[in-house]
2 protein chains.
Amino acid sequence: MCDAPLSEAEATDLAAAMHALADPVRLRLLSHVAARPNGEACACELVDVVGRSQPTVSHHLKVLHGAGLLERERRGTWVWYRVAPTRLADLQNALAPPPPTTRETL
Amino acid sequence: MCDAPLSEAEATDLAAAMHALADPVRLRLLSHVAARPNGEACACELVDVVGRSQPTVSHHLKVLHGAGLLERERRGTWVWYRVAPTRLADLQNALAPPPPTTRETL
DNA sequence: ACACTATATTGATCGATGTCAATATCTTTC
DNA sequence: GAAAGATATTGACATCGATCAATATAGTGT
């Protein structure tokens, strides 16, 4: 966790990001996109992959995109999704333990 | 994210852990405990800190403890919470980007 | 313009959950 | 064991969210 207590605003933002990751279907969508060799996946394949209806998958992709976790690009009829490069790393950092100095120096 | 797509079971487990972190009050509780010099906090102080009723704070602490994020220790009348050492690091790893070899070698 | 396919939106339903008041349980102290 | 304080549980309520069927929108080709 962070070195200092989170403010209400910081906590609200982080919670919103975490909320996007707090669903099995969304995690599987994200991992499927990330696991593709070229790092991108078409929405159409994702519908088959997670075993949910097309509207439901569309909804989850919108949530992931809204949380900044997936990038969206339309190519003709199809929409391709890519894992946003920095967003996941940012969340990782937010979960990082406090620097050792915090406890040692007090 | 991980190198291979998550299975349904893996996704369900990860989602449950993320869910525990997907609430502003719980994040603030966790960060307050982590930010204490000795790494632990009494439940009584946490009630004041997050501005929620005592039952609500108790509920959130139970969720965090149930998710393995907080350790619980009773000392007399008071209950002290400590951030579980490995749990947060595990979640960090779960969010880690796939190893570079995954994309380069294909 | 029309048909066809892919994706998004709407509306409805049902279960999950954050919250608090009231109450219960646990622990120390007298 | 009674009293007091800390923590946990229960019950109720309101809101949120995952889901799907139905429909709408967007883009491609004829």
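A, B, ... follow the sequence lines: proteins, then strands. Residue 1 opens every chain.
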R52(B) CZ to dA21(C) P, straight-line distance once rounded to whole Å: 13 Å
Could you give the CG-to-P distance, from L46(B) to dA6(D), as a whole number of Å? 14 Å
L30(B) and L21(B), any side-chain heavy atoms less than 4.5 Å apart: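 Yes, side chains in contact.
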Do V83(A) and L88(A) come close enough that some side-chain heavy atom pair is under 4.5 Å? yes
What nucleic acid atoms does R26(A) come within less than 4.0 Å of, heavy atoms only: base, sugar-phosphate, or nothing? sugar-phosphate
Tell me which residues in residues 7-22 of chain A put a heavy atom below 4.0 Å from DNA chain C, sorted by number, or none. none
Passes side chain to side chain contact (heavy atoms under 4.5 Å, CB included), V47(B) versus R52(B)? Steps please. CA-CA 6 Å; V47(B) 170; R52(B) 291 294 188 281; over 6 Å; no
Short side-chain to backbone donor-acceptor contact, Q92(A) and Q92(B), under 3.5 Å: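 Looks like yes, one N/O pair under 3.5 Å.
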Using modelled atom types and a 3.5 Å cut-off, is there a donor and acceptor pairing between side-chain atoms of T12(A) and backbone atoms of E8(A)?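 Side chain of T12(A) to backbone of E8(A): a pair is present.
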Does a salt bridge link R28(A) with E10(B), judged by any charged N lying under 4.0 Å from a carboxylate O? no
Are E40(A) and R75(A) close enough for a salt bridge, meaning some N to O gap below 4.0 Å? yes
Any donor-acceptor N or O pair under 3.5 Å, side chains R26(B), H60(B): yes
Specify the residue among R75(A) and S53(A) whose closest nucleotide of DNA chain D lies further upstream toward the 5′ end.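 On the 5' side of the pair lies S53(A).
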Show the distances under 3.5 angstrom between N or O atoms of the protein and N or O atoms of nucleotides 5-9 of chain C.
from: dT7(C); atom 1: OP1; to: V79(A); atom 2: N; distance (Å): 3.2
from: dT7(C); atom 1: OP2; to: C44(A); atom 2: N; distance (Å): 3.2
from: dA8(C); atom 1: OP1; to: R72(A); atom 2: NH1; distance (Å): 2.1
from: dA8(C); atom 1: OP1; to: Y81(A); atom 2: OH; distance (Å): 3.2
from: dA8(C); atom 1: OP2; to: S58(A); atom 2: OG; distance (Å): 3.0
from: dA8(C); atom 1: N7; to: Q54(A); atom 2: NE2; distance (Å): 2.7
from: dA8(C); atom 1: N6; to: Q54(A); atom 2: OE1; distance (Å): 3.1
from: dT9(C); atom 1: OP2; to: K62(A); atom 2: NZ; distance (Å): 3.2

